[in-house]
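Shown next, in structure tokens, is the structure this report addresses.
All chains are named by letter (A, B, ...) in the order of the sequence lines, taking the proteins before the strands, and each is independently numbered beginning at 1.
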2 protein chains.
Amino acid sequence: MGAKSHRAPTLNDVAAEAGVSKSLVSLAVRGDVGVRPETRTRILDVADRLGYHSNPWARSLVRGRSQMIGVLLDDLRSGYHTDVVHGIEDEAETNGMSVVMADARRDPALLRTRLERMIGLGLDGVVIVSGRADSAMIGDFARRVPLVVVGRPAELSPGIGQVSNDDRTGMRLAVHHLASLGHRRIVHLPGSPRPAAVARREAYLETMRELGLEDHASVVPGIEALLGTLAPSAADAPTAVCCATDRIAVELIGELSDAGVEVPGRLSIVGYDNIDFAARMRPTLTSVDQPRRAMGSLALRQLTDMLDGADARHEIATPTLAIRRSTAAPER
Amino acid sequence: MGAKSHRAPTLNDVAAEAGVSKSLVSLAVRGDVGVRPETRTRILDVADRLGYHSNPWARSLVRGRSQMIGVLLDDLRSGYHTDVVHGIEDEAETNGMSVVMADARRDPALLRTRLERMIGLGLDGVVIVSGRADSAMIGDFARRVPLVVVGRPAELSPGIGQVSNDDRTGMRLAVHHLASLGHRRIVHLPGSPRPAAVARREAYLETMRELGLEDHASVVPGIEALLGTLAPSAADAPTAVCCATDRIAVELIGELSDAGVEVPGRLSIVGYDNIDFAARMRPTLTSVDQPRRAMGSLALRQLTDMLDGADARHEIATPTLAIRRSTAAPER
DNA sequence: CTGAAAGCGCTTACAG
DNA sequence: CTGAAAGCGCTTACAG
């Protein structure tokens, strides 16, 4: 008694049963106006009774469009990525398009494989939510399918759509917040060598300069090194850290907890991305918030525009700061 | 200079360019043996030069199979769901099948919509990773497409494949662990009314009985209520909590931290699901671990078996316990 | 309003 | 080994 044990009904079956031509059934089920209401109702009743569903392969084949777009994301687990996806999905819903996802698991080789496979599915277009995709590879794929990349500040080849957040503004918000609390020895914990991470580091240095704090500016290579600067005797130990990502901030706070360093008592911490967990951990994490869902909608809207023949563009979204308990005025 | 600005090359184009028939090209690109090696190489060269890719819609239409299976998951954000998905993806890869995902966001209505849409894509089968899908609805869909459900212990209609973890064994592991540490006043914090959550609650009560601790057994309705029982004066306050899910455990630990109750000093906590965050939070969370990736592979293998005509079955995976810092011997 | 016909790009017997 | 033909289930002009 397996599913599909008997052939699924086709347009032909419905036409025969209703005593009309295939074309008429086609028009009726698609809600075309040029069909007499009574006829239409009768046809739809028959279609319903037979359990008719239009065959997507045949439909796509003849129309040259599947109304299906793919989303390739770098990390299924990250709240950032999932929020962007939700923005894409909701926007797609209002456009009558279907969204299918695949996960690249932060692995560039896998990204390529998955992208190849997705394109092989006959998608109308693809949104890549990844800051780390190789730009030459993206360029190759863009020749085969319309592409929009979310989360990559650096410019890609023309013809590729882009949506990114303004990392400079975001990092500036973080540093200004700390400075306004009274911090001066604010250090930066950088992320991976992704373009976005680089932009954040640059913005950190630039903002420290603007605030006249360049003498205190320091890019600490890693958590180990940072812990090393926190010896109780060190008078010039940093009092605040702005991290390139929430991932790093979470890891740092874990290590600090293990080492007995109080947050925000001894050290204030700011993250970047406002991941889901930022509000659930303790202390809750102050973090730069990208308008993720909005970025998703922008990406999908741009993709549909491109399908309609519009040129690709680079849209930039402005971040805000979510202030929580991991930041406070320095103790002295 | 949009992508696809000129028609993608077809089998016909390759045939004309190579001076052979369409059928021969079809056989050659699919690696059929009955094509002379030289001819084959020449055809593949032409195909490559023209950038030919077989049209998936036409291929699916004529074969009646798309080699594409869908995964509908309840929560993109949960490490449990993503691990199951990874198991599915990896197994699919070895079978030459493509996997596409969609997110139901813990919303039964959305689950239905997404499922409808996925099926409309022409998938060969669907894996639903959800403990909360309505069983009548699942039954309806199973009539249209082969279906495997992961994470639902209760029996569904025949013809639907199932993969679940043994919640009774899992909860028993949790309670025995606490009892062996010396806890007696072990309470249970239940989850949503999902079948899996119900099974865990039952198993808790049963295990407490087996251990002769039935007098201390207590299902606390919620975190508020639990906090109420922790007044310092209360001599019979619980010393340990086993939670129905990690989600609840994480929330509980957050509230306890805010209330100044030490974990595991005053209260030991065990979760269920071993989410990603369990090892990253502080204290790290002792949790029942389902073999999630294995469950994913089992699901996909079962689905392909069903596509080959096999009957649906219900496979049960055995959980283990990941012991971390949120559990310790009671203080007195 | 309604029907007959062509064609989307492929695979699969069927002849040679 | 290789080619001509039919057909998968649909949509889209094109006649009536």
Side-chain angles (χ1 to χ4, degrees), chain A residues 4 6-44 46-47 50-68 96 119-124 144-145, chain B residues 4 6-44 46-47 50-68 96 119-124 144-145:
Chain A
K4 291 194 165 176
H6 32 271
R7 223 177 90 276
T10 72
L11 217 46
N12 250 328
D13 300 326
V14 179
E17 180 78 10
V20 295
S21 76
K22 293 167 50 178
S23 349
L24 192 54
V25 178
S26 175
L27 293 172
V29 297
R30 279 178 298 133
D32 191 291
V33 285
V35 182
R36 200 188 314 170
E38 305 89 270
T39 320
R40 184 181 134 73
T41 317
R42 187 161 51 85
I43 292 176
L44 290 187
V46 174
L50 263 46
Y52 170 74
H53 295 277
S54 145
N55 181 312
W57 304 321
R59 191 174 357 105
S60 298
L61 178 58
V62 65
R63 311 212 9 194
R65 281 277 191 102
S66 63
Q67 299 287 91
M68 188 165 118
I119 293 182
L121 262 32
L123 305 165
D124 291 344
R144 292 172 55 192
V145 67
Chain B
K4 294 195 161 175
H6 32 271
R7 222 178 89 279
T10 72
L11 217 46
N12 250 329
D13 300 325
V14 179
E17 181 77 11
V20 295
S21 76
K22 293 168 48 180
S23 348
L24 192 53
V25 178
S26 175
L27 293 172
V29 298
R30 279 178 299 132
D32 190 293
V33 285
V35 182
R36 204 188 313 169
E38 305 91 89
T39 321
R40 183 181 136 74
T41 317
R42 188 162 49 85
I43 293 177
L44 290 187
V46 173
L50 263 46
Y52 170 74
H53 294 275
S54 146
N55 180 311
W57 305 319
R59 191 174 359 104
S60 299
L61 179 58
V62 65
R63 309 209 13 192
R65 282 275 192 102
S66 63
Q67 298 289 92
M68 189 166 117
I119 293 183
L121 260 33
L123 305 166
D124 292 343
R144 292 172 54 193
V145 69

field: Side chain D124(B), main chain Q67(B), donor-acceptor under 3.5 Å
entry: yes
- prompt: Does any N or O in the side chain of R40(B) come within less than 3.5 Å of the main-chain N or O of A28(B), such that one atom is a donor and the other an acceptor?
  reply: yes
query: So, is S60(A) close to the dC8(C) phosphate, meaning a side-chain N or O under 4.0 Å from OP1 or OP2?
result: no
- prompt: How long is the line joining CG of L27(B) and P of dA4(D), in whole Å?
  reply: 14 Å
query: Closer to the 5' end of DNA chain D via nearest nucleotide, is it S21(B) or V62(A)?
result: S21(B)
Contact under 4.0 Å: R30(A) side-chain N or O vs dC10(D) OP1/OP2: no
query: Atom CZ of R59(B) to atom C1' of dT12(C): distance rounded to whole Å?
result: 15 Å
- prompt: Do the side-chain N or O atoms of T10(A) get closer than 4.0 angstrom to the phosphate oxygens (OP1, OP2) of dG9(D)?
  reply: no
field: Atom pair distance, as rounded to whole Å: CG in D32(A) and P in dT11(D)
entry: 11 Å
- prompt: dA6(C) P sits how many Å from L61(A) CG, rounded?
  reply: 18 Å
message: Applying the Watson-Crick and G-U wobble criteria at under 3.5 Å, what pairs with dA4(D)? Answer none if nothing qualifies.
response: none
- prompt: Which nucleotide, dG3(D), dC10(D), dA6(D), lies nearest any side-chain atom of V20(B)?
  reply: dG3(D)
field: Heavy-atom donor-acceptor pair, S26(A) side chain to K22(A) backbone, under 3.5 Å
entry: no
- prompt: What is the distance from CZ of R63(B) to P of dG9(D), rounded to the nearest Å?
  reply: 15 Å
message: Could you tell me how far apart L11(B) (CG) and dA6(D) (P) are, to the nearest whole angstrom?
response: 18 Å
message: Could you tell me how far apart L24(B) (CG) and dC1(D) (C1') are, to the nearest whole angstrom?
response: 8 Å
Option from T39(A), T41(A), V46(A) for which side chain to side chain contact (heavy atoms under 4.5 Å, CB included) with I43(A) holds: T39(A)
statement: Looking only at heavy atoms, the pair that brings V145(A) and L123(A) closest together is CG2-O, 4.0 Å
task: Take the protein atom CG of N55(B) and the nucleotide atom P of dT11(C), then report the distance between them rounded to whole Å.
output: 9 Å
message: Can you tell me which nucleotide in dC10(D), dG3(C), dT12(C) comes closest to the side chain of S23(A)?
response: dG3(C)
message: Could you identify the nucleotide paired to dA13(C), looking across every strand shown and requiring Watson-Crick or G-U wobble geometry with both distances under 3.5 Å?
response: none
